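In what follows, a structure is listed as structure tokens, so that the remarks can point back to it.
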There are 2 protein chains.
Amino acid sequence: MKKQLTDRQDDILRFIHHFRNENGYPPTLREIGKKFEIASTFGVKRHLDALEKKGYLNVESNASRGISLQPFENDAIIDTTNNFTKIPIIGHVAAGIPITAIENIDGSLVIDSSFMKHSESCFALRVKGDSMINAGIFEGDLVVVLPKKDAANGETIVAMLEDEVTVKTFEIKNKKVRLLPANEKYQPIDVTGRKEFSVVGKVVGVVRWLN
Amino acid sequence: MKKQLTDRQDDILRFIHHFRNENGYPPTLREIGKKFEIASTFGVKRHLDALEKKGYLNVESNASRGISLQPFENDAIIDTTNNFTKIPIIGHVAAGIPITAIENIDGSLVIDSSFMKHSESCFALRVKGDSMINAGIFEGDLVVVLPKKDAANGETIVAMLEDEVTVKTFEIKNKKVRLLPANEKYQPIDVTGRKEFSVVGKVVGVVRWLN
DNA sequence: ATTTGTAGTGAACAAATGAGCACGTAATGA
DNA sequence: TCATTACGTGCTCATTTGTTCACTACAAAT
């Protein structure tokens, strides 16, 4: 676990990330200073020293713009130069706790930005069980989820049901709501009006890795 | 289409990409010169001017290390800072033409480097047909392929068969080689000793995107 | 025959840049 | 109370770095 940053240090670290993503190269001490109205390069330098000490970046001595950043752990990152988006993988999901709460995050997944038409708020979940194999979703796959509170008929969704999350096909017919597995071994689940049921989001992607 | 580079310019462009990925910041003129044994910074500068003119990078005047790179179109990129790998998506595959020939490339796919234990030589193919739906590989999915010339029993592979590429399960039993579809609608294909058959590689990943 | 583009040397220069010192303020916790 | 940490100024200095000039050389295209 990395050490806690002060507000000021956090601001500066974010600025450096942003600057590098925008320009392709890191800022100088004076460019940082200008942004934060720190007149002396020495003041900036000590912020960098602190950030380096706490493990967020490395500074190459005597090299101009010699800042190399350590990767973020939890944040969504969108890189327009290389066209990727980094989304969090949610480890355990529990009712009541916001799904993207930092404690839940189990890693990150980098995917192509061209997939992410749906802004940047997606997250990923690792699938347990085999109830969706006929939809090509296997145990261990990562499903990419676009958060939504409702769903349309036939959509593949992630639902919260009695403190558990499941992936199912959403069916609404004659005002009855059912969750359909895609595996003959399982039965549809009628959730019409059940309080312990809610829609978490819609499955927009599947990523599987073998071995 | 970007303009053609000379060998020298291409070498230098690749070095800058590599340097930036390794260090997090671009090289100086003298660092480039040292690598290529160009004694004068002016010699290096004119290479950068040429690369800028041809649209491969931008140079910020009077800014040290002020090189910002245009994204590659076709090459594999590995970024250690943000932990991603960019692999080419192969459009059409034809016998005789090297599979990663530039003409074949149809885009690129960014994926998480943690998936890429298999060095960096992978590429992706878009799946046509439904012969592997029981293996969770659907039409339109992208399969990530690790190039190999042989396969083990039971592996999901990409094979070249009579000028067509297909995804199948590889079976070798009693010295007979068959390609097994994962769909009841199709029959196994016996390819024992057939000349028009070759293994392209092993499927190591599947990426599906909905909508 | 001349232009254009590529590729390089060597030197000189100004600007950009990081390092360092002495000094000051404020908040926090032991 | 004292030590520590965070945060800042103003300044100097040495180094790094990009810019520019004059000159050479070769190949391809016009």
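Just so it is clear, the structure is predicted and the values come from calculations on it, not from any experiment. Residue numbers start from 1 in every chain, and the chains themselves are labelled A, B, ... in the order their sequence lines are given, proteins ahead of strands.
- The stretch residues 26-38 of chain B participates, sequence neighbours left out, in these salt bridge (charged side-chain N to carboxylate O under 4.0 Å, His left out) pairs: B/Glu31-B/Arg65.
- With sequence neighbours excluded, no residue satisfies salt bridge (Lys or Arg N to Asp or Glu O under 4.0 Å) with A/Asp11.
- With sequence neighbours left out, A/Arg194 forms a side chain to side chain donor-acceptor pair (under 3.5 Å) with A/Glu162, A/Glu196.
- Using a 4.0 Å cutoff to heavy atoms of chain B, the contacted part of DNA chain C runs 5' to 3' from C/dT6 to C/dT17.
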Pair up each side-chain donor or acceptor in residues 142-151 of chain A with any protein partner under 3.5 Å, not counting sequence neighbours, and list the distances.
unit_1	atom_1	unit_2	atom_2	d
A/Lys148	NZ	A/Glu155	OE1	3.3

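- Sorted by first and then second residue, the ring-ring contact (aromatic ring centres under 6.0 Å, His included) pairs with a member in residues 18-41 of chain A read A/Phe15-A/Phe19, A/Phe15-A/Phe36; sequence neighbours excluded.
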Per-nucleotide protein contact along nucleotides 18-23 of chain D, 5' to 3', at a 4.0 Å heavy-atom cut-off (B base, S sugar-phosphate only, - neither), is BBBBB-

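- Partners of A/Asp49 by salt bridge (Lys or Arg N to Asp or Glu O under 4.0 Å), not counting sequence neighbours, listed by chain and number: A/Lys45.
- As a whole-Å value, the separation of A/Asp11 CG from D/dC7 P is 10 Å.
- With sequence neighbours excluded, no residue forms a ring pair (Phe, Tyr, Trp, His ring centres under 6.0 Å) with B/Tyr186.
- When the C1' atoms of four end pairs are superposed on the next four at each end of the helix from C/dA1-D/dT30 to C/dA30-D/dT1, using five pairs per end, the two resulting axes differ in direction by 30°, to 10°.
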Could you go step by step and tell me if A/Arg208 and A/Asp141 meet the salt bridge (charged side-chain N to carboxylate O under 4.0 Å, His left out) rule? CA-CA 5 Å; A/Arg208 178 181 318 137; A/Asp141 289 2; 3.1 Å; yes

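- With sequence neighbours excluded, no residue satisfies salt bridge (Lys or Arg N to Asp or Glu O under 4.0 Å) with A/Glu139.
- Looking at which nucleotide of DNA chain D each of A/Ala50 and A/Gly43 is closest to, the 5′-most match is held by A/Ala50.
- Shown here are the salt bridge (Lys or Arg N to Asp or Glu O under 4.0 Å) partners of A/Glu60, two or more places apart in sequence or in another chain: there are none.
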